[in-house]
Enquirer: 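Have a look at this one.
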2 protein chains.
Amino acid sequence: MSDQGRPYAGASREEREYARREQLVAAGISLFGTQGYRAATVGAVCQEAGLNKRYFYESFATLEDLLCEVYERVVADLRGSVLAGGGDDPSRVLHGFMAGFLTWAQANPVMARVHLFEVLGVSERVDELYRSHGRTIGDELASRLSATVTGPQLTAGQQRVLGDVLIGAGLQMAVDWVISEYQPPRDELLNEIDATLGWVLAAGLAALG
Amino acid sequence: MSDQGRPYAGASREEREYARREQLVAAGISLFGTQGYRAATVGAVCQEAGLNKRYFYESFATLEDLLCEVYERVVADLRGSVLAGGGDDPSRVLHGFMAGFLTWAQANPVMARVHLFEVLGVSERVDELYRSHGRTIGDELASRLSATVTGPQLTAGQQRVLGDVLIGAGLQMAVDWVISEYQPPRDELLNEIDATLGWVLAAGLAALG
DNA sequence: CCTTTCTGGTACGAAGTCGTACCAGTTTGC
DNA sequence: GCAAACTGGTACGACTTCGTACCAGAAAGG
């Protein structure tokens, strides 16, 4: 009756399915990152991918499933840029984090839109995925910072607080920066961040006596 | 032909319209804050308000318009709790801000859900409203902090950075806390935040020499 | 008491998307 | 070549919500 998978165009069934899935993911990143997830439909994604609507359901059950896969790719790309550099100085770790984040956001505006705007408030499931990735990166950053300091280590609760602060502050600054169309320029903003951190430390020192 | 507004049930036409509008707003807060905005429909809001669907369009053109009005009420309520207390000590200003935020979130879980989750990613317009309120509160906080310090004042750019950091960090901690069902208890979390702030200051000072 | 307006429930067409099915044309293995 | 399977385009019903309209009953003024 049916071969149930025979070579076609020099590729096996699995290879063709995988290629189509990748086309859908690429189309998803492009569409979600330019028109927005809320404006996207299954039909539009397939048109962008150059595939028939039938092939969408071959790889994904819903548009939200595609968004999750797209978001995984985006976060993987971001992680590489943000957690790449090391550093044994706390302010250098922080600076490297924000520099990596801002550089990535400006170099990949489409992915940045997905990460900073489009995944928000889609569903409980996507929200949970978003928070999960944020917590992972925040924990990683906080433990790195903790490791650069010779004094007392952070407790688990304090590490979570520090992770929240770093992720929340970084996201807010990145969103604000993208909204203002990357003004002021990256290096100028990084200098302002450093200066603000210095101001806070000085103020904290004065308050502590 | 038509009186175009005659007393009914002891209230004029304007009074009845106003009362119905308030009922819709209350129903919106309740529904958006429990079932979620995305699960809400015009019909459900009217049912919750005990009004006919026709009266919805008497006060609002779309469900999103109601969400904007609901959000204005929520932010006004939050502002009162967060910016109420003064303080001439930077750490006291920060502590008062987070204490007010957490207290408000726990005392008003329905409004907190609207502010922390439901307004996110609804539309460009609601996003802009959200960012606008966040920036306003962040600016207010940063300028208050700046005023408590005798040394050099913050530049406009640095004040914006500080506002972003405060709002972003505060929101992230509040979201995390609500998600974990208000664990650890408020006072314990506030102590952890204070301890983390102290740790950061100590680490920063050590790094600065 | 009687007319007029208001109220709330139900009904209905419009619009958009989903998910599937059909159908002609093409490519491959034999 | 030829049959079988694959591909892509179009079409279709199902479903949900919107926004409006209709209709019987209640409440108020004269």
Side-chain angles (χ1 to χ4, degrees), chain A residues 1-24 26-28 31-32 35-69 118 121-123 125-126, chain B residues 1-24 26-28 31-32 35-69 118 121-123 125-126:
Chain A
M1 291 298 200
S2 33
D3 287 359
Q4 281 301 29
R6 135 187 124 163
Y8 198 83
S12 71
R13 175 164 194 83
E14 285 90 4
E15 286 169 338
R16 296 196 307 273
E17 277 193 27
Y18 179 78
R20 283 192 291 256
R21 185 188 166 92
E22 289 301 305
Q23 280 179 283
L24 287 169
L31 260 187
F32 300 161
Q35 311 294 320
Y37 172 72
R38 241 155 298 275
T41 64
V42 173
V45 168
C46 293
Q47 190 171 5
E48 174 84 12
L51 291 174
N52 188 278
K53 234 183 3 171
R54 167 180 20 138
Y55 294 122
F56 180 88
Y57 299 100
E58 176 188 69
S59 290
F60 303 98
T62 68
L63 201 61
E64 192 182 305
D65 286 352
L66 174 61
L67 177 65
C68 289
E69 178 64 31
E118 298 304 325
V122 169
S123 71
R125 172 184 166 207
V126 178
Chain B
M1 294 294 195
S2 34
D3 287 358
Q4 283 299 29
R6 128 185 129 168
Y8 198 82
S12 71
R13 173 166 196 84
E14 286 88 5
E15 288 168 337
R16 295 197 306 274
E17 277 193 26
Y18 178 80
R20 283 193 290 257
R21 184 189 166 94
E22 290 299 306
Q23 281 179 284
L24 287 168
L31 260 187
F32 300 162
Q35 312 294 321
Y37 172 71
R38 241 156 299 277
T41 65
V42 173
V45 169
C46 293
Q47 190 171 5
E48 174 84 11
L51 292 173
N52 188 278
K53 235 184 0 172
R54 168 178 21 135
Y55 295 122
F56 181 90
Y57 300 100
E58 177 187 68
S59 291
F60 303 98
T62 67
L63 201 61
E64 191 181 307
D65 287 350
L66 173 61
L67 178 65
C68 289
E69 178 63 30
E118 298 304 326
V122 170
S123 71
R125 173 183 166 210
V126 177

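Just so it is clear: chains get the letters A, B, ... in the order the sequence lines come, proteins before strands, and each one is counted from 1. All values below were derived from every heavy atom in this structure, side-chain atoms included, with hydrogens, water molecules and symmetry-related copies excluded. Computed from a prediction, not measured in an experiment: that's the story for all the values here.
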Enquirer: Phosphate oxygens OP1/OP2 of dT20(D): is one of them under 4.0 Å from a side-chain N or O of Tyr57(B)?
Expert: no
Enquirer: Arg21(A) pairs by salt bridge (charged side-chain N to carboxylate O under 4.0 Å, His left out) with which of Glu69(A), Glu15(A), Glu58(A)?
Expert: Glu69(A)
Enquirer: Nearest whole angstrom, please: distance from the C1' of dG19(D) to the CG of Leu63(B).
Expert: 13 Å
Enquirer: When the distance from CG of Asn52(B) to C1' of dT7(C) is rounded to whole Å, what number comes out?
Expert: 8 Å
Enquirer: Without decimals, in angstroms, what is the distance between Arg54(A) CZ and dA24(C) C1'?
Expert: 13 Å
Enquirer: Return the 5'-most residue of the pair Leu51(B), Val42(A) with respect to DNA chain C, ranking by each residue's nearest nucleotide.
Expert: Leu51(B)
Enquirer: With a 4.0 Å cutoff (strictly under), does any side-chain N or O of Arg16(B) reach OP1 or OP2 of dT7(C)?
Expert: yes
Enquirer: Figure out the NZ/C1' separation between Lys53(A) and dG8(D), and round it to whole Å.
Expert: 13 Å
Enquirer: Whole angstrom is fine here: how far is it from CD in Glu17(A) over to P in dC6(D)?
Expert: 10 Å
Enquirer: Can you tell me the distance, in whole Å, between the CG atom of Leu66(B) and the P atom of dC18(D)?
Expert: 12 Å
Enquirer: Atom CD of Gln23(B) to atom P of dG8(C): distance rounded to whole Å?
Expert: 8 Å
Enquirer: Verify the contact: side-chain N or O of Arg20(B) to OP1 or OP2 of dT7(C), cut-off strictly under 4.0 Å; return yes or no.
Expert: yes
Enquirer: Write down the distance between CZ (Phe56(A)) and P (dA21(C)), rounded to a whole number of angstrom.
Expert: 17 Å
Enquirer: I'd like to know if the side chain of Glu118(B) reaches the main chain of Tyr37(B), judged simply by a donor and an acceptor atom lying under 3.5 Å from each other, with no hydrogens or angles considered.
Expert: yes
Enquirer: Report yes or no: do Ser59(A) and Glu17(A) form a side-chain donor-acceptor pair below 3.5 Å?
Expert: no
Enquirer: Is any side-chain heavy atom of Leu24(B) closer than 4.5 Å to one of Phe60(B)?
Expert: yes
